[in-house]
Number of protein chains: 4
Amino acid sequence: MLYFENDYCEGAHPAILQKLIDTNFDKVPGYGTDPYCASAKEKIRAACSAPEADVFFISGGTQTNAIVIASMLNRWQGVLAAATGHIAGHEAGAIEYTGHKVISLPAHEGKVSAGDVENWCATFYADANHDHMVFPGMVYISHPSEYGTLYTKRELEELHAVCARYHMPLFMDGARLGYALTSEGTDVTLADIAALTDVFYIGGTKVGALCGEAVVFPHGAPAHFMTMVKQQGALLAKGRLMGIQFDVLFTDDLYTRISRNAIDTANALKKGLADKGYQFFMDSPTNQVFVVLSNSQLAALEGKAKFGFWEKYDDSHTVMRIATSWATHMEEIQALLELM
Amino acid sequence: MLYFENDYCEGAHPAILQKLIDTNFDKVPGYGTDPYCASAKEKIRAACSAPEADVFFISGGTQTNAIVIASMLNRWQGVLAAATGHIAGHEAGAIEYTGHKVISLPAHEGKVSAGDVENWCATFYADANHDHMVFPGMVYISHPSEYGTLYTKRELEELHAVCARYHMPLFMDGARLGYALTSEGTDVTLADIAALTDVFYIGGTKVGALCGEAVVFPHGAPAHFMTMVKQQGALLAKGRLMGIQFDVLFTDDLYTRISRNAIDTANALKKGLADKGYQFFMDSPTNQVFVVLSNSQLAALEGKAKFGFWEKYDDSHTVMRIATSWATHMEEIQALLELM
Amino acid sequence: MLYFENDYCEGAHPAILQKLIDTNFDKVPGYGTDPYCASAKEKIRAACSAPEADVFFISGGTQTNAIVIASMLNRWQGVLAAATGHIAGHEAGAIEYTGHKVISLPAHEGKVSAGDVENWCATFYADANHDHMVFPGMVYISHPSEYGTLYTKRELEELHAVCARYHMPLFMDGARLGYALTSEGTDVTLADIAALTDVFYIGGTKVGALCGEAVVFPHGAPAHFMTMVKQQGALLAKGRLMGIQFDVLFTDDLYTRISRNAIDTANALKKGLADKGYQFFMDSPTNQVFVVLSNSQLAALEGKAKFGFWEKYDDSHTVMRIATSWATHMEEIQALLELM
Amino acid sequence: MLYFENDYCEGAHPAILQKLIDTNFDKVPGYGTDPYCASAKEKIRAACSAPEADVFFISGGTQTNAIVIASMLNRWQGVLAAATGHIAGHEAGAIEYTGHKVISLPAHEGKVSAGDVENWCATFYADANHDHMVFPGMVYISHPSEYGTLYTKRELEELHAVCARYHMPLFMDGARLGYALTSEGTDVTLADIAALTDVFYIGGTKVGALCGEAVVFPHGAPAHFMTMVKQQGALLAKGRLMGIQFDVLFTDDLYTRISRNAIDTANALKKGLADKGYQFFMDSPTNQVFVVLSNSQLAALEGKAKFGFWEKYDDSHTVMRIATSWATHMEEIQALLELM
């Protein structure tokens with residue numbers, strides 16, 4: 001079975017496991033105060049060209065979204081997000097559970113436009129009754145988006161500007177950030193992201209780690225952020241598990257190197273499928289490939305290759321997602337292309 | 001430096017790390033639906049003699065407490081706990097953050113008595129205004145308690161009975177459960193716990209795992225428990241990390257064997273300290289040893305051994321906690337005894 | 001100044017004030033256990049042909065919505081509502097503050113269609129990942145809607161059926177219910193509403209009371225509803241204030257009689273405006289009249305008549321709402337028509 | 001039947017009802033923006049000698065407590081209160097429902113001492129693990145307390161000082177404030193309270209109003225307080241109901257005059273009972289009289305006088321509360337004394 005269902009089906013990069021073994025019996029203090037966390041944070045600050053940044057490690061994406069958003073919003077505020085954003089639809093109401101509304105904006109291939117943010121906020125503040133409504137308090141974007149698409153630097157600058165104008169932090173969900181940074185043609189660097197957002201996270205779970213996301217506040221974290229992490233149940237006693245993983249990922253640029261593998265394999269796949277005449281649902285420049293398959297094509301793959309169901313295209317076709325990752329081998333792509 | 005500050009200062013049992021390596025490139029589905037989780041659950045059910053039990057894995061103790069309690073309480077209910085219970089004082093208000101009151105009961109060396117539960121509930125229901133008050137909805141106990149003390153089987157039976165009488169689930173926080181089960185003289189087995197509680201968890205973080213607690217509902221979990229775990233941000237994409245660890249811990253009784261090491265080393269320490277005339281703060285039969293040290297004794301240990309501060313005893317004495325673990329070597333105990 | 005800005009600009013029906021005076025020094029128990037509440041509940045049950053109904057009084061609409069929804073949803077559920085529904089946009093996030101998502105459905109002149117509910121639920125349950133999403137747990141409708149429109153009995157039957165199919169209660173916000181029941185051409189009675197919904201409320205604030213909404217659970221209230229009302233801060237010590245008002249409103253059909261006045265005056269207004277060639281934004285059969293006015297028409301009314309701003313129609317026109325109420329005099333309508 | 005069960009068993013002061021009638025058909029804007037609210041606020045500011053104060057009206061005590069506390073605490077903070085405080089035991093968990101812990105302090109006849117606050121905070125900040133705990137964020141006191149006792153000016157100054165030292169607002173629940181201000185021997189004025197607290201409320205429900213409490217922030221309200229009131233469901237559309245009541249109560253010092261009646265009648269009652277040799281549970285200088293009655297005394301009153309049950313004193317005696325109010329007639333006291 002060729003398994004392309006998602007980008008979190010393998011374990012961790014072997015260098016991480018090796019470092020876990022090498023450090024296993026070092027006795028270190030808990031809750032993220034260990035030297036591995038300190039080292040990882042320092043390397044991340046350097047990679048982001050953000051020497052003043054506060055960095056925290058949280059075990060998963062939904063948890064990170066819920067903690068970051070709830071810690072930065074005031075009670076009367078909600079978070080603006082694309083209608084297709086992960087927080088809007090696929091987190092079981094984790095944001096609302098903390099008491100905040102997710103305000104839907106139109107999605108443009110998974111992305112939020114600065115113009116839509118501007119319109120929403122302008123309309124809100126022009127409404128004489130806006131004191132009876134949920135205030136816009138933050139903008140959430142994902143990069144890559146849930147559709148694998150990317151913001152350009154120009155688009156991020158515009159979002160940054162409209163957020164500044166309305167005094168809202170800009171939050172980037174980077175669950176797959178490595179695959180954005182290494183996509184061909186992107187003009188957005190980690191330093192750009194640190195310069196243009198107020199908080200973002202560098203996904204580990206989907207990019208080589210067993211678990212963990214590195215939250216970066218380029219201009220400093222909210223007061224008592226660590227206590228809020230604890231209050232939401234996310235402060236691991238053995239913080240070393242996070243520190244070691246990110247320390248390895250940010251040593252010798254490992255994070256970038258393994259991310260590029262997902263892009264290379266996805267590109268090879270896309271080229272092969274295009275050559276064979278397959279139809280793509282949308283042009284996605286990162287590690288997720290969305291193809292439109294007929295029922296008979298799907299049936300032919302049954303038991304041989306596993307993709308992710310995305311949505312029905314029409315009565316006889318389905319959109320399927322094929323995901324590569326840091327761990328995908330080019331041989332698997334070849335085998336898949338031979339199969340299809 | 002001899003490090004006895006806590007029982008989560010090392011990494012994981014080497015067999016866990018080995019299994020992580022061995023399985024690393026197996027491609028498995030996410031969110032706890034992988035075969036390692038299935039295997040671990042089956043072994044845990046067997047160890048608990050609870051074939052009908054539902055088992056879930058959550059990454060840490062505070063998170064587990066918050067999720068279990070919030071999923072089992074109705075909105076008008078609070079949870080009864082010892083004033084010294086972990087949820088009452090050391091979880092940054094994680095329970096209240098979910099909207100529920102922690103109702104304090106007197107602590108008897110860290111334990112809750114069935115009599116106090118009975119009194120509280122009887123007084124509550126006798127109060128004509130109790131519809132204006134928080135209803136008792138669950139009893140939380142920790143075993144070992146925060147003071148390292150243990151319930152007897154008789155005490156658990158009494159708690160079980162009073163909980164049944166008032167239709168409240170009994171919840172056991174087993175963050176250090178291995179050290180309870182292997183304590184000399186305990187008459188409480190894992191099967192007893194499964195029989196006498198409605199939900200409990202088997203601590204991994206403090207007993208050989210990198211992270212993770214195994215929540216066991218002997219009579220079945222609340223409906224939609226998995227969605228509630230997701231809603232509280234605790235559903236790991238790579239559920240394999242949990243499954244593999246608990247699968248290893250419950251293979252060939254590893255959990256029990258490594259737990260016993262903490263008891264053996266703690267017992268050796270207690271005997272050695274008693275022989276030297278040290279005063280104990282309380283009799284604690286598990287892996288935490290509470291000693292009363294004078295200021296000069298403390299000063300003499302400075303830079304040589306690290307314990308946990310517990311509380312001031314009087315102006316010139318302090319209660320310190322010395323914790324052993326699954327990873328403590330008897331040589332470290334000898335070295336410590338020589339030092340003290 | 002002719003004041004038509006809203007339907008809550010006057011005080012209470014004089015019969016209510018008189019009854020407050022007549023009963024003022026009667027000494028009665030608190031929290032809704034007084035004889036006026038009992039009498040009012042009995043009369044409401046009779047008016048609804050719902051002898052088994054539980055009835056509660058809550059001081060305002062947003063509070064009622066938040067309490068009813070939070071008391072009937074499970075934690076993993078959200079409430080489906082029209083995108084234009086009051087809870088979706090004009091309650092400052094009161095529903096989300098209780099931890100629940102408001103799921104937006106398309107609005108058809110302010111109304112929800114059974115077909116849209118069916119589609120949403122069918123798509124939800126067909127999604128293999130729905131355990132990671134917010135479950136549909138209730139349908140919220142307002143009757144009249146925020147646009148003054150009404151459901152037909154047939155539409156309510158269809159909504160009732162789809163809700164039953166998906167095990168969701170149907171909740172009707174009746175903040176202006178009197179104006180629905182007395183609208184010309186409606187085929188929906190109070191008994192129909194009691195038969196076809198699981199909970200609804202009879203608005204007092206906008207229909208003759210100083211404050212207060214009567215929540216009716218035709219098939220019985222959730223367990224401990226009164227404690228939940230208290231927990232959300234809405235249990236008035238002097239429940240008599242509510243009981244007396246609704247007792248008066250439901251004596252000799254006063255509620256219906258005064259509601260009809262709003263309809264009669266609105267109808268006279270609509271006829272007069274139509275005769276003068278004014279353009280209506282939509283056909284609204286209750287007490288809210290939506291007209292499209294040019295900038296110069298608006299300027300001419302400045303300082304002479306006060307309407308509610310609704311929305312911009314185009315660069316030179318605005319939609320304005322003119323609201324009548326139980327207290328509007330036909331003379332005011334005549335004066336307004338002369339002015340316009 | 002002589003009814004002394006509580007101080008909210010009558011309606012409103014007749015002057016309030018008269019003003020409701022006189023203003024009934026004035027058309028005014030909603031949500032507290034009407035001229036009656038403006039006038040009432042101005043009079044309250046003057047009565048408090050707090051010209052900069054922000055004043056809001058909320059319909060009941062529990063709601064006010066929940067709104068004020070939730071609006072002033074940060075997420076990581078709880079509120080310190082006497083174990084006997086209303087928020088600690090008799091509000092169905094309304095504070096916890098907003099996510100915050102109520103931290104119990106020892107009660108001294110219902111009161112909190114500055115020394116206990118100081119001790120609690122000093123211990124908290126001295127604990128190296130306090131980042132894992134709920135921070136002290138506010139002190140809640142009630143004046144009169146739930147036992148009818150009063151703070152002296154000196155005690156309030158000390159509480160003010162300790163709160164300032166730890167950067168916590170001091171919040172006074174004044175549900176029965178009139179009965180505190182008019183108690184014989186008190187040295188605390190409304191101006192003192194405005195000077196020594198950060199927020200307090202002037203109870204209307206128990207002192208002559210149908211409903212309503214006036215919240216006073218002497219140094220200004222939290223940003224967006226009105227939106228938070230709306231979010232918690234407490235913003236009445238007809239804010240006039242609140243404004244009119246408090247405008248009347250603060251015209252010509254009516255609030256003080258009617259409060260004094262409760263004190264005068266309570267004092268007459270206490271003197272009469274003392275003369276007859278009745279035992280008091282505690283010395284309570286306001287409108288609540290706590291007497292210890294034997295079972296046979298209780299039986300003799302059955303059907304003739306109604307008091308409030310307070311607590312069991314011993315097997316054969318019960319503590320009962322006798323409450324007077326602004327509306328109690330001296331004749332009722334005489335009748336009661338004749339009966340007892």
Side-chain angles (χ1 to χ4, degrees), chain B residues 29-34 37 54 56 66-79 94-103 121 124-125 127-138 166-168 221-239, chain C residues 29-34 37 54 56 66-79 94-103 121 124-125 127-138 166-168 221-239:
Chain B
Y31 301 112
T33 61
D34 60 87
C37 283
D54 282 328
F56 294 85
I67 290 172
V68 167
I69 292 170
S71 72
M72 297 190 81
L73 287 184
N74 286 299
R75 242 190 66 187
W76 56 87
Q77 298 173 324
V79 54
I95 306 306
E96 289 85 0
Y97 190 63
T98 69
H100 295 285
K101 188 180 188 74
V102 179
I103 298 165
C121 293
F124 174 86
Y125 285 107
D127 189 326
N129 294 315
H130 70 257
D131 279 339
H132 294 242
M133 297 159 67
V134 177
F135 281 66
M138 176 185 249
Y166 289 104
H167 308 291
M168 300 184 291
H224 297 289
F225 187 74
M226 185 267 225
T227 298
M228 292 188 278
V229 171
K230 175 83 178 180
Q231 193 179 57
Q232 286 184 255
L235 193 67
L236 290 186
K238 292 184 179 169
Chain C
Y31 302 112
T33 62
D34 60 87
C37 283
D54 281 328
F56 293 86
I67 290 172
V68 166
I69 292 171
S71 73
M72 295 191 82
L73 288 184
N74 287 300
R75 243 190 65 189
W76 55 88
Q77 299 174 324
V79 55
I95 306 305
E96 290 85 358
Y97 190 64
T98 70
H100 296 285
K101 189 180 187 75
V102 179
I103 299 165
C121 293
F124 175 85
Y125 283 107
D127 189 326
N129 294 315
H130 70 258
D131 279 339
H132 293 242
M133 297 159 67
V134 177
F135 281 66
M138 177 184 248
Y166 288 103
H167 308 290
M168 301 183 290
H224 297 289
F225 186 75
M226 185 266 224
T227 298
M228 293 188 277
V229 171
K230 176 82 179 181
Q231 193 179 57
Q232 286 183 255
L235 194 65
L236 290 187
K238 292 182 178 170

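Please read all numbers here as calculations on a predicted model, not as lab measurements. Reminder, nothing fancy here: chain letters follow the sequence lines and each chain counts from 1.
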* Heavy-atom side-chain contact between Tyr31(B) and His132(C) under 4.5 Å ->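 Yes; the side chains approach each other to less than 4.5 Å.
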* In chain order, what residues pass the side-chain contact (heavy atoms from CB on, under 4.5 Å) check against Ala221(C), with sequence neighbours excluded? ->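 By the side-chain contact (heavy atoms from CB on, under 4.5 Å) rule, Ala221(C) matches Asp54(C), Phe56(C), Phe217(C), Phe225(C).
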From [X] atom [atom1] to [Y] atom [atom2], the distance as rounded to the nearest 0.5 Å:
| X | Y | atom1 | atom2 | result |
| --- | --- | --- | --- | --- |
| Gln232(B) | Arg75(C) | CD | CZ | 4.5 Å |
| Thr227(C) | Met133(B) | OG1 | CE | 10.5 Å |
| Asp131(C) | Leu235(B) | CG | CG | 9.5 Å |

* Residues in residues 66-74 of chain B that sit under 4.5 Å from chain C, counting heavy atoms only ->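 Answer by number: Ala70(B), Ser71(B).
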* Asked: Any idea how Phe135(C) and His224(B) line up, ring-wise: parallel (<30°), tilted (30 to 60°), or perpendicular (>60°)?
  ->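 Judged by the thresholds at 30° and 60°, the geometry between Phe135(C) and His224(B) is perpendicular.
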